[in-house]
Amino acid sequence: MTVRVRFAPSPTGPLHIGGLRTALFNYLFARKHGGTFILRIEDTDQTRFVPGAEEYIIETFRWCGIKIDEGQTVGGPHEPYRQSERAEIYRKYVQQLIDNGWAYYAFDTPETLEELRKEAEANGKTFTYDASTRMSMKNSLTMPQSELQRLIADSTPYAVRFKIPQNREVEMNDIIRGHITVNTSTLDDKILIKSDGLPTYHLANVVDDHLMGITHVIRGEEWLPSLPLHILLYEAFGWLDSMPQFAHLPLILKPEGKGKLSKRDGDKAGFPVFPLRWVSPEGEVSRGYREDGYLPQAVVNLLALLGWNPGTEQELFTMDELCQLFDLERVSKSGARFDPEKARWFNHQHLQICSKDFLVVEFVKLLKERDIVARTEYISKVLDLIRDRLYFIQDLWEQGHFFFERPVEFEPKTVQKRWKAELVSHLAKIASIIAASKPFEAQQIKADVSAYIEQNGLGFGVVANALRLALVGDAKGPDLFSIIELLGGEEVTARIDFAIHNIKL
């Protein structure tokens with residue numbers, strides 16, 4: 001059997017990282033088994049369609065390195081892959097269900113249904129359109145054939161509902177959750193075709209999965225309650241022998257561990273829940289991991305370990321490694337708590353192991369934004385000094401800006417703490433010693449400066465702190481003498497001179 005999986009999102013807004021994880025798990029499973037990963041757009045709910053959402057999904061895949069084998073944007077033998085363009089296909093199959101007694105026409109108006117719901121609520125109950133109520137409703141089960149034909153001929157709006165069998169045990173197997181049994185008395189007669197003529201998810205996904213030869217349906221836990229209906233649909237169509245295997249992934253939980261992770265949680269705690277920045281049609285801006293400075297490989301690594309474990313202590317993985325190791329049998333049933341600090345950690349780790357050439361290119365972009373031009377060799381040397389301090393791409397500038405521009409302002413608290421009036425005369429002499437050091441290397445410079453400090457009875461830390469303030473403008477940065485070596489004697493002398501004449505106590 002050739003593995004064929006699909007990710008079938010609805011273009012109703014930006015792709016949540018939970019949805020991206022579902023796509024990733026499908027992709028990893030396909031790659032592990034030499035199979036096919038399909039992108040199908042489930043846009044049958046036109047009332048919730050959001051312009052730009054489909055393009056957002058495709059750009060997210062491109063950024064993360066998830067390659068579409070078949071489907072929207074790349075085509076394939078089962079086109080079209082956008083469900084709104086497959087309406088005629090669904091009509092054919094829903095008619096088959098009606099003819100075989102598995103579905104029926106329902107002419108109940110929204111107003112009637114709403115009135116029944118309110119009436120039930122007033123009596124402390126919940127109205128359900130099911131085996132117990134269907135025979136009291138306005139549908140093809142309760143009316144003569146002549147009336148049915150008249151209503152259809154008059155273009156009276158109708159929906160098509162699935163006729164749930166009464167009091168049956170539906171047996172199901174889930175790769176992650178094992179054997180599940182549900183009695184049909186707990187199920188309602190779901191709508192298969194809406195009054196606008198378009199199918200609901202339930203009909204469209206079953207028909208499309210069958211026609212596209214899907215072997216495994218890997219989707220979120222929220223679809224688990226729909227599984228009995230889908231099993232019954234496969235039975236109604238006579239497709240049980242070719243029915244795919246199912247795997248329902250655990251939820252991604254809030255940082256505190258209770259409830260599904262939402263945009264509100266991210267806004268409240270200051271982290272994104274979407275892979276890319278999103279601007280809604282109303283102009284509301286939502287942060288994205290890409291724009292926040294995360295590497296795509298770090299986001300992929302993070303998501304892969306939310307609900308799945310490799311069975312080892314290893315935490316850092318490339319996409320290729322994940323493709324080789326991924327196994328649905330090692331996906332947890334319980335929800336996976338999202339940890340923003342762990343997300344930062346993953347990004348920090350991947351910044352340490354990613355290509356230096358990539359970081360040079362990113363640094364050049366940041367410099368260009370500030371009209372700064374520097375030699376690639378010099379940028380590379382700066383990276384050697386600051387790389388272990390990087391958590392995000394924008395940290396390149398935050399941690400290394402003083403290598404490209406002289407400080408003209410000095411952090412007040414550091415000045416108050418580190419700048420001593422009695423050191424000023426010594427600093428001018430130390431600048432001369434630094435400029436004369438040969439070879440001009442960190443180790444030699446440190447030895448020469450240390451000798452002067454010792455001869456004059458000064459404290460090494462006191463002098464070093466003042467030097468750092470003069471060169472960096474603050475109390476931060478990598479090894480002081482490595483900074484001095486990279487800046488060069490002339491630049492160091494100029495900066496010390498500027499500090500002497502401009503820092504006021």
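Bear in mind that the values here come from a model prediction, so they are computed numbers and not experimental data.
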More than 12 heavy atoms of other residues, nucleotides or ligands under 6.0 Å from [atom1] of [X]: is that the case?
X: K476; atom1: NZ; answer: yes
X: R370; atom1: CZ; answer: yes
X: F392; atom1: CZ; answer: yes
X: R330; atom1: CZ; answer: yes
X: E115; atom1: CD; answer: no

How are the rings of [X] and [Y] set to each other: parallel, tilted or perpendicular (split at 30° and 60°)?
X: Y234; Y: F246; answer: perpendicular
X: W239; Y: H210; answer: parallel
X: W308; Y: F326; answer: tilted
X: W397; Y: H401; answer: tilted

So, the side chain of [X] versus the backbone of [Y]: is there a donor-acceptor pair under 3.5 Å, distance only?
X: N347; Y: L295; value: yes
X: H248; Y: R177; value: no
X: D43; Y: R82; value: no
X: N123; Y: E119; value: yes
X: R290; Y: R277; value: no
X: N100; Y: L97; value: no
X: K194; Y: T44; value: yes
X: H216; Y: R4; value: no
X: T181; Y: E171; value: no
X: D292; Y: Y294; value: no

> Knowing that exactly one of R134, R161, K163 qualifies, which makes a salt bridge (charged side-chain N to carboxylate O under 4.0 Å, His left out) with D189?
Replying inline: R134
I need the [X] [atom1] to [Y] [atom2] distance, nearest 0.5 Å.
X: L306; Y: L24; atom1: CG; atom2: CG; answer: 10.0 Å
X: K263; Y: S286; atom1: NZ; atom2: OG; answer: 4.0 Å
X: L396; Y: L383; atom1: CG; atom2: CG; answer: 6.0 Å
X: Y105; Y: T156; atom1: OH; atom2: OG1; answer: 12.5 Å

>> Tell me if the aromatic rings of F274 and Y56 count as close, with their centers under 6.0 Å from one another.
In response: no
> Does the gap between the ring centers of Y201 and W223 come in under 6.0 Å?
Replying inline: yes
>> I want to check a possible cation-pi pair here: K342 against F346, using under 6.0 Å from ring centre and within 45° of the ring axis as the test.
In response: yes
Shortest non-hydrogen contact from [X] to [Y]?
X: Y93; Y: I89; value: CD1-O, 3.2 Å
X: T60; Y: P275; value: CG2-CG, 3.5 Å
X: P80; Y: M212; value: O-CE, 4.2 Å

>> Using a strict threshold of under 4.0 Å (side-chain N to carboxylate O), is an ion pair present between R6 and D209?
In response: yes
>> Less than 4.0 angstrom from a charged side-chain N to a carboxylate O is my criterion; do K365 and E362 meet it?
In response: yes
>> Quiz question: by atom type and distance under 3.5 Å, do the side chains of Y158 and N139 form a donor-acceptor pair?
In response: no
>> Between D196 and Q46, do the side chains contain a donor N or O and an acceptor N or O under 3.5 Å apart?
In response: no
> Are V360 and K356 side-chain neighbours, meaning at least one heavy-atom pair lies under 4.5 Å?
Replying inline: yes
